[in-house]
Amino acid sequence: MRRKCIYYPSRPINTLDNMTEDIRVRYAPSPTGHLHIGNARTAIFNWLFARHYNGQFIIRIEDTDSARNIADGEKSQLDNLAWLGLDWDESPEKPGKYGPYRQSERNEQGIYQPFIDELLAKGMAYKSYKTSEQLASEREAQQAAKQAPHYIYEYEGMTAEEREAKYEEFEAQGLKPVIRFRVPEDRTYAWEDIVKGHIEISGKEIGGDWVIQKADGMPTYNFAVVIDDHLMAISHVLRGDDHVSNTPKQMMIFEALGWDIPQFGHMALIINGETGKKLSKRDENVLQFVEQYKELGYQPQAMVNFIGLLGWSPKGEDEIFSLDEFKQMFDETRLSKANAKFDQKKLEWINNQWMRRDLDNVMPQLIRELVSAGLISQSEADNKVDWLSQVIKVAGVEGISYTREIVDLVRKPFFELNDITDEMITYLTSEDGRKVFEAWETAYLAMPETATAEDYMNTIRHIQSTLEIKGRNLWNPIRIATTHEVQGPNLPEMLVVLDRSKVIATMNQVKATYLV
RNA sequence: GGCGCUAUGGUCAAGUGGUUAAGACGUCGGCUUCUCAGGCCGAAAUCGAGGGUUCGACUCCCUCUAGCGCUACCA
């Protein structure tokens with residue numbers, strides 16, 4: 001059964017605000033790449049959980065696989081988290097009293113070794129010298145026999161002394177051991193999951209004795225997590241569904257060491273809409289990384305808004321929320337149990353909403369897009385901020401999904417002119433076209449530079465009534481003469497923004513080329 | 001194969017025995033008497049299937065099916 005109350009250590013946290021100081025959650029990425037959408041989601045929900053209950057949010061780097069760590073992985077992750085608006089109480093750069101915050105450093109300091117030794121001494125773990133070839137052939141044999149892969153304990157029936165003797169024998173052969181945990185298969189591991197309710201898994205289903213320390217001396221993930229979560233006083237673990245089957249392994253270590261077990265919550269996964277599978281870093285067809293969205297000009301608030309609604313729903317009907325609003329509303333019982341497809345269209349819509357809501361703040365970014373697209377130089381842009389923001393508004397920012405899209409919207413006719421097509425020539429040189437052009441040219445030249453969109457509209461309406469020409473036959477010749485386009489934003493508004501001398505030059509050019 | 005989890009429209013989802021089954025994205029249609037964008041209005045679901053329980057089931061139970069996850073000296 002799901003319940004709103006989370007017990008830690010044994011009291012409902014919602015009833016007493018001053019009890020919430022015990023809440024400590026963590027985001028624990030491995031620095032193998034940039035911040036993935038899925039990881040961002042885990043981080044955001046952990047942050048929300050911590051902040052909603054006035055708890056602490058800490059970041060721990062799980063870099064026990066040195067082969068997979070990449071140079072700037074950690075920095076990039078943290079930078080992107082900060083960009084999203086998250087903050088944290090403890091991290092490698094902001095050590096608290098539970099440091100260090102990188103598992104590699106914790107290992108160097110010998111934090112894990114005493115617990116490995118303790119388990120060894122208690123006979124709950126042992127040294128295993130099987131080679132990867134042996135392991136592979138055992139597994140193959142099991143699969144061939146249609147059995148579930150299961151580790152085969154090599155010291156069955158031996159006394160401790162006999163086992164020690166074996167160790168020496170293997171060592172003499174120059175073999176390096178890993179440490180395996182002796183899994184109690186008669187136990188059932190059960191917990192009340194914060195999102196999924198009651199879950200239980202039999203010790204028999206673990207797959208047998210698993211490695212807690214690798215041959216290189218590094219602890220494995222499932223072991224280090226337990227040690228660190230305990231030592232760092234983590235009270236709640238909110239993570240992806242894909243960790244459900246790790247949970248019993250971790251529980252047995254907590255138990256073996258005599259420690260309290262944190263509350264677990266396993267969130268449904270984000271899946272790829274096309275493949276239906278867990279969103280994977282290898283899916284090239286979906287933008288996977290927060291950084292990619294940032295580069296296209298998605299707003300951090302929009303990313304948070306979108307992710308916050310993926311696998312979680314608020315009570316009312318609103319859809320646009322800030323991080324702070326999510327924090328106020330957060331309720332772990334509203335976390336969805338079913339996987340959610342990543343819907344890029346919805347993200348686009350949410351980002352559009354945020355850009356419009358926050359247009360003044362987004363404007364500098366929009367202008368920067370024009371500079372990086374080479375439409376205008378930086379110095380010129382600096383001098384024409386007001387004009388550029390008018391152009392951007394007239395061109396239709398209201399319709400774009402992310403800032404990068406403004407470039408193509410604004411390019412023509414504000415920075416370049418289209419070629420005149422045959423269709424345009426037809427509009428221009430028709431009988432109506434010639435009349436309209438002449439009337440328009442006269443009217444426009446008579447108008448002051450300060451004319452408003454309304455003035456231009458009135459002028460065009462006036463031509464409509466005197467010439468009795470309307471619709472495209474009226475508008476297109478004017479559009480073509482001034483912008484070389486037959487479609488685009490509202491013409492009167494464009495005319496306000498367009499440089500008058502350029503418009504006149506364009507009109508003269510059109511006239512000389514097609515209307516003499 | 002085994003174990004675990006999940007199942008409301010194309011998508012995100014509300015819904016906890018009696019509702020016309022919310023809302024949003026997307027799609028389609030109409031209007032906004034130049035186009036595009038925007039705005040406004042409107043349309044579309046036998047609640048995975050089959051059995052029960054009940055006066056009554058999207059809601060409870062059982063079975064099936066499907067999907068996903070895990071099954072490493074990765075995390």
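Below, chain A is the first sequence line, B the second, and so on; all start at residue 1. All values reported here derive from a predicted model rather than from experimental measurement.
Every residue meeting the salt bridge (charged side-chain N to carboxylate O under 4.0 Å, His left out) condition with A:E319, not counting sequence neighbours, appears here in chain and number order: A:K346. Residues forming a side chain to side chain contact (heavy atoms under 4.5 Å, CB included) with A:A453 (at least two apart in sequence, or on another chain): A:P492, A:E493, A:V496. For A:Y298, the ring-ring contact (aromatic ring centres under 6.0 Å, His included) partners are A:Y293, A:Y402, not counting sequence neighbours. Partners of A:E398 by side chain to side chain contact (heavy atoms under 4.5 Å, CB included), not counting sequence neighbours, listed by chain and number: A:R356. With sequence neighbours excluded, the residues forming a ring-ring contact (aromatic ring centres under 6.0 Å, His included) with A:H36 are A:F289, listed by chain and number. Every side chain to side chain contact (heavy atoms under 4.5 Å, CB included) that A:H243 has, sequence neighbours left out, goes to A:Y221, A:R239, A:N246, A:H266.
Heavy atoms of A:G273 sit nowhere under 4.0 angstrom from any nucleic acid atom. Looking at heavy-atom distances under 4.0 Å, A:R356 makes contact with sugar-phosphate atoms alone, never a base. Using a 4.0 Å heavy-atom cutoff across all strands shown, A:R180 reaches sugar-phosphate atoms only and no base atom. At the heavy-atom level, A:K277 lies under 4.0 Å from the strands shown only through sugar-phosphate atoms. Using a 4.0 Å heavy-atom criterion, one finds that A:K249 contacts no nucleic acid atom at all. Within the 4.0 angstrom heavy-atom criterion, only backbone atoms of the sugar-phosphate kind lie near A:L309; the bases stay farther away. Within the nucleic acid shown, A:V211 comes within 4.0 Å of sugar-phosphate atoms alone, with no base atom in reach, counting heavy atoms only. At a threshold of 4.0 angstrom between heavy atoms, the contacts of A:N490 include nucleobase atoms, whether or not backbone atoms are also involved. Here A:E62 lies in heavy-atom contact (under 4.0 Å) with sugar-phosphate atoms only. Note on A:H243: a base of the nucleic acid sits closer than 4.0 angstrom, heavy atoms only. Within 4.0 Å (heavy atoms only), A:L269 reaches sugar-phosphate atoms of the nucleic acid but no base atom. Residue contacts shown for A:D242 are limited to sugar-phosphate atoms, with no base heavy atom under 4.0 Å away. Residue contacts shown for A:G276 are limited to sugar-phosphate atoms, with no base heavy atom under 4.0 Å away.
Inspection of the A:K277 and A:N272 side chains reveals no N or O donor paired with an N or O acceptor under 3.5 Å. In summary, the side chains of A:Q250 and A:N222 do present a donor paired with an acceptor at a separation below 3.5 Å, with no hydrogens or angles considered. Under the 3.5 Å distance criterion, with hydrogens and angles disregarded, a donor-acceptor pair is assigned to the side chains of A:Y27 and A:Q77.
Comparing B:G38, B:A7, B:C12 by their nearest atom to the side chain of A:L310 picks out B:C12. Side-chain atoms of A:E398 lie closest to B:G38 of the nucleotides B:A14, B:C73, B:G38.
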Quick one: side chains of residues 308-315 of chain A, donor-acceptor pairs under 3.5 Å with protein atoms, not counting sequence neighbours, listed by atom name and distance.
{"unit_1": "A:W312", "atom_1": "NE1", "unit_2": "A:D331", "atom_2": "O", "d": "3.0"}

Contacts table for residues 208-218 of chain A: side-chain donor-acceptor under 3.5 angstrom, sequence neighbours left out:
{"unit_1": "A:D209", "atom_1": "OD1", "unit_2": "A:R182", "atom_2": "NH1", "d": "3.4"}
{"unit_1": "A:D209", "atom_1": "OD1", "unit_2": "A:V183", "atom_2": "N", "d": "2.9"}
{"unit_1": "A:D209", "atom_1": "OD2", "unit_2": "A:Y126", "atom_2": "OH", "d": "2.6"}
{"unit_1": "A:D209", "atom_1": "OD2", "unit_2": "A:R182", "atom_2": "NH1", "d": "2.9"}
{"unit_1": "A:Q213", "atom_1": "NE2", "unit_2": "A:Q113", "atom_2": "OE1", "d": "3.0"}
{"unit_1": "A:Q213", "atom_1": "NE2", "unit_2": "A:G217", "atom_2": "O", "d": "3.0"}
{"unit_1": "A:K214", "atom_1": "NZ", "unit_2": "A:T64", "atom_2": "O", "d": "3.2"}
{"unit_1": "A:D216", "atom_1": "OD1", "unit_2": "A:M218", "atom_2": "N", "d": "2.9"}

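A sub-4.0 Å separation between OP1 or OP2 of B:A75 and a side-chain N or O of A:T64 is present. Between B:A14 and A:S313, a contact under 4.0 Å exists linking OP1 or OP2 to a side-chain N or O.
Geometrically, A:R187 engages A:Y189 in a cation-pi contact, judged by NZ or CZ lying under 6.0 Å from the ring centre and within 45° of the ring axis. Remark: A:K130 qualifies as a cation-pi partner of A:Y151 under the 6.0 Å distance and 45° angle criteria applied to the six-membered ring.
Within residues 67-74 of chain A, the residues that have a heavy atom under 4.0 Å from RNA chain B are, in order of number, A:R68.
Distance CG (A:N339) to P (B:C68): 9 Å, rounded to an integer number of Å.
Evaluation of atom-type donor-acceptor distances gives no pair under 3.5 Å for the side chain of A:D318 against the base of B:A24. No hydrogens or angles were tested; on distance alone, nothing pairs the side chain of A:R472 with the base of B:U35 as donor and acceptor under 3.5 Å.
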N/O contacts under 3.5 Å, protein versus nucleotides 9-11 of chain B?
none

Name the pairs: protein N/O against N/O of nucleotides 45-47 of chain B, kept only if under 3.5 Å.
none

Using nucleotides 1-5 of chain B, report all nitrogen or oxygen pairs with the protein that are shorter than 3.5 Å.
{"unit_1": "B:G2", "atom_1": "O2'", "unit_2": "A:E205", "atom_2": "OE1", "d": "3.3"}
{"unit_1": "B:C3", "atom_1": "O4'", "unit_2": "A:E205", "atom_2": "OE1", "d": "3.4"}
{"unit_1": "B:C5", "atom_1": "O2'", "unit_2": "A:K196", "atom_2": "NZ", "d": "2.7"}

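Salt bridge A:D63/A:R68: absent, no basic N to carboxylate O contact under 4.0 Å.
The only option from A:I420, A:T506, A:T421 that meets the side-chain contact (heavy atoms from CB on, under 4.5 Å) definition with A:I480 turns out to be A:I420.
Residue A:W349 and nucleotide B:C25 are not classified as a stacked aromatic pair, given the requirement of ring centres less than 5.5 Å apart at an interplanar angle below 30°.
Of the residues near RNA chain B, A:K345 and A:V397, the one whose nearest nucleotide (by heavy atom distance) lies more toward the 5' end is A:K345.
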